[in-house]
Every structure is written in structure tokens, then in C-alpha cells.
Student: 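The structure's right below; bear with me while I get my questions together.
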Amino acid sequence: MSEIDWAGILTYLTVLILACFGGVVDFLEKLHKTEVKPPMKTILFSLLVKLTSSAFAGLLMYWILEWRADNGVVVLSGLSAMSISISGYLGIQAVNIFSNIFRSIYDKAGRDK
């Protein structure tokens, strides 16, 4: 039986917390700006959607950072933590940005052949 990789689990938990924190900041900012407060059920559902999209965007950013790292290891400090948090703040917008970047990379790679 193999050992549990606690360092990997802790890394992914940290990434999710950073990304979700960015999502919560964006959610609270938008909630504060609304004139008419929606019912609590709607607020909680919107928060769940925001946390899900933020976690996904944060994981994508982490995997991009891991892909671009020299040795495949991302040190979660400074710029990487900020990048993950901003991705979480952007949520689905960050996913759209990532898809546009990769689309342009693969389009360019196809034209270069």
C-alpha cells in the first residue's frame, strides 16, 4: 500500500483556499454594490457558483504555473499565490482568458508547421 502524499494534498488545499478567497472577495464586492438585496437562497447559490468557478480557475492557473516551472514544482509564495488569487477573483473570466491564450498558441503552432 502506498503512502499518502500529504505535501501534495496540502498544496492543492492551499491553491483552492487562495482561489476561493479571491472569489469570495469578488462576490462580496458585487453583493455590496447591488441596490436590491436578493433572497438568502439566491445569495447562497450565487456564492456556491462563484466558489466553484473560482476554484476551477485557480486550479487552472496552478497547473499553468506548474507547466511553466523549470522543474515542475511551483513554490506557493509571492507571484504564484497572487496569480492564483487573481484567477479566483476573475473566476469564469479567467477560464475564458486561459482558453483564448491556448487557442492562440495552438493556432500559431499549426501555422508554423
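Every value quoted in this text rests on a predicted model; they were computed, and no experiment measured them. Residue numbers run from 1 in the order of the sequence given.
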Student: Can you tell me if K33 has over 12 outside heavy atoms packed within less than 6.0 Å of its NZ?
Tutor: no

Student: In Å, rounded to the nearest 0.5 Å, how long is the span from CD1 of I64 to OG of S87?
Tutor: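 Separation between the atoms: 7.5 Å.
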
Student: Measuring only between side-chain heavy atoms, which start at C-beta, is L31 closer than 4.5 Å to F27?
Tutor: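 Counting from C-beta outward, L31 and F27 do come under 4.5 Å.
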
Student: Between V49 and V24, is there a shared hydrophobic cluster once you connect ILVMFWY residues whose side-chain heavy atoms come closer than 4.5 Å?
Tutor: no

Student: Starting at CD1 of I17, measure out to OG of S85 and round the result to the nearest 0.5 Å.
Tutor: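 Answer rounded to 0.5 Å: 11.0 Å.
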
Student: Do the side chain of S80 and the main chain of V75 share a donor and acceptor less than 3.5 angstrom apart?
Tutor: yes

Student: Would you find more than 12 non-hydrogen atoms of other residues, nucleotides or ligands less than 6.0 Å from F45 atom CZ?
Tutor: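 Counting neighbours around CZ of F45, 12 or fewer heavy atoms of other residues, nucleotides or ligands fall under 6.0 Å, so no.
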
Student: Of all heavy-atom pairs between G88 and S54, which one has the smallest distance, and what is that distance?
Tutor: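 Taking every non-hydrogen atom into account, O-OG, 2.7 Å.
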
Student: In the structure I gave you, are the side-chain heavy atoms of N100 and S104 within less than 4.5 Å of one another anywhere?
Tutor: no

Student: Quick check for you: to the nearest 0.5 Å, what is the distance between T14 atom OG1 and L10 atom CG?
Tutor: 4.5 Å

Student: Nearest 0.5 Å, what's the CG-CD distance between N71 and E66?
Tutor: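 CD of E66 is found 10.0 Å from CG of N71.
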
Student: Where is the tightest heavy-atom contact between C20 and A55, given as atom of each residue plus distance?
Tutor: SG-CB, 4.0 Å

Student: First locate atom CD1 of I43, then atom CG of L48, and finally report the distance between them rounded to the nearest 0.5 Å.
Tutor: 14.0 Å

Student: To the nearest 0.5 Å, tell me how far I101 CD1 sits from N96 CG.
Tutor: 11.0 Å

Student: Might you point out which heavy atoms bring K37 and H32 nearest each other, and give the distance in Å?
Tutor: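 Shortest heavy-atom contact: NZ-O, 3.7 Å.
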
Student: For A57 versus F98, what's the shortest heavy-atom pair and its separation?
Tutor: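 A57 and F98 have their closest heavy atoms at O-CE1, 3.7 Å.
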
Student: I'd like to know if Y62 and V73 are part of one continuous hydrophobic network [Ile/Leu/Val/Met/Phe/Trp/Tyr, side-chain heavy atoms within less than 4.5 Å].
Tutor: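 Unlinked, V73 and Y62 end up in two clusters.
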
Student: Would the F102 and W63 ring centres measure less than 6.0 Å apart?
Tutor: no

Student: Check whether any side-chain heavy atom of I92 sits under 4.5 Å from a side-chain heavy atom of V95, and report yes or no.
Tutor: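 In contact.
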
Student: Honestly curious: do W6 and L13 fall in one hydrophobic cluster under the side-chain, below-4.5 Å linking rule?
Tutor: yes

Student: Would a hydrophobic clustering, with Ile, Leu, Val, Met, Phe, Trp and Tyr connected at side-chain separations under 4.5 Å, put V74 with L18?
Tutor: yes

Student: Taking atom CZ of F56 as the centre, report whether more than 12 heavy atoms of other residues, nucleotides or ligands fall under 6.0 Å from it.
Tutor: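 No.
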
Student: Heavy atoms, side chains only, cut-off 4.5 Å: are L76 and I84 in contact?
Tutor: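 Yes; the side chains approach each other to less than 4.5 Å.
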
Student: Taking V15 as the starting point, is it possible to reach L65 by hopping between hydrophobic residues whose side chains are less than 4.5 Å apart?
Tutor: yes

